[in-house]
Amino acid sequence: FLPSHANKISTFKRIITATDPDAAGAAFQTAIETLSRHSQVIPIELPIDAKGGRFDPARLATERGNDELRKIIMGVIS
């Protein structure tokens, strides 16, 4: 994530994020939230997997299908 990306992203009214549940995902979320004065940042909390951890977006789409991920996103923005 580069500062030049922030300029482009900050032109959106609403930013929806679904990050991996790790340090890199947390760092990205923090960077995006710095734009919150210009944009509404909406983090999506992904479901808990069978082992008690959170799904990451790619694994959720792979294991449960793109429709499951789409339903979660639509539930947040509706």
### Message
Quick one, Q29 and V41 - any side-chain contact, counting heavy atoms below 4.5 Å?
### Response
yes
### Query
What closest approach, in Å, do T17 and F28 show between heavy atoms, and which atom pair accounts for it?
CG2-CE2, 4.3 Å
### Task
For residues R64 and I48, report the shortest heavy-atom separation together with the two atoms involved.
NH2-O, 4.2 Å
### Query
D67: what forms a side-chain hydrogen bond (donor to acceptor under 3.5 Å, both in side chains) with it, not counting sequence neighbours?
R70
### Message
Would the distance check show the side chain of S39 and the main-chain N or O of F12 forming a donor-acceptor pair, the cut-off being under 3.5 Å?
### Response
yes
### Qualifying salt bridge (Lys or Arg N to Asp or Glu O under 4.0 Å) pairs with a residue from residues 14-35, counting only residues at least two apart or across chains
none
#### Entry: Verdict with supporting geometry, L60 and I72, side chain to side chain contact (heavy atoms under 4.5 Å, CB included)
CA-CA 11 Å; L60 179 67; I72 292 169; 3.6 Å; yes
### Query
Taking a hydrophobic cluster as the set of Ile, Leu, Val, Met, Phe, Trp and Tyr residues connected by side-chain heavy atoms closer than 4.5 Å, whether directly or through intermediates, do L46 and V76 fall within one such cluster?
yes
#### Entry: Atom pair CD/OG1 of E68 and T62 - distance to nearest 0.5 Å
13.0 Å
### Task
State which residues pass salt bridge (Lys or Arg N to Asp or Glu O under 4.0 Å) with R59; sequence neighbours excluded, sorted by chain then number.
D49, E63
### Query
So which heavy atom on P57 is nearest to which on A18, and how close?
CG-O, 3.1 Å
### Query
For the hydrophobic clusters of this structure (ILVMFWY residues joined by side-chain heavy atoms under 4.5 Å, transitively), does one cluster hold both I77 and I32?
no
### Message
What I'd like to find out is whether the side chain of I42 reaches to under 4.5 Å of the side chain of I15, using heavy atoms alone.
### Response
no
### Query
Between CG of L69 and CE of M74, what distance do you get to the nearest 0.5 Å?
12.0 Å
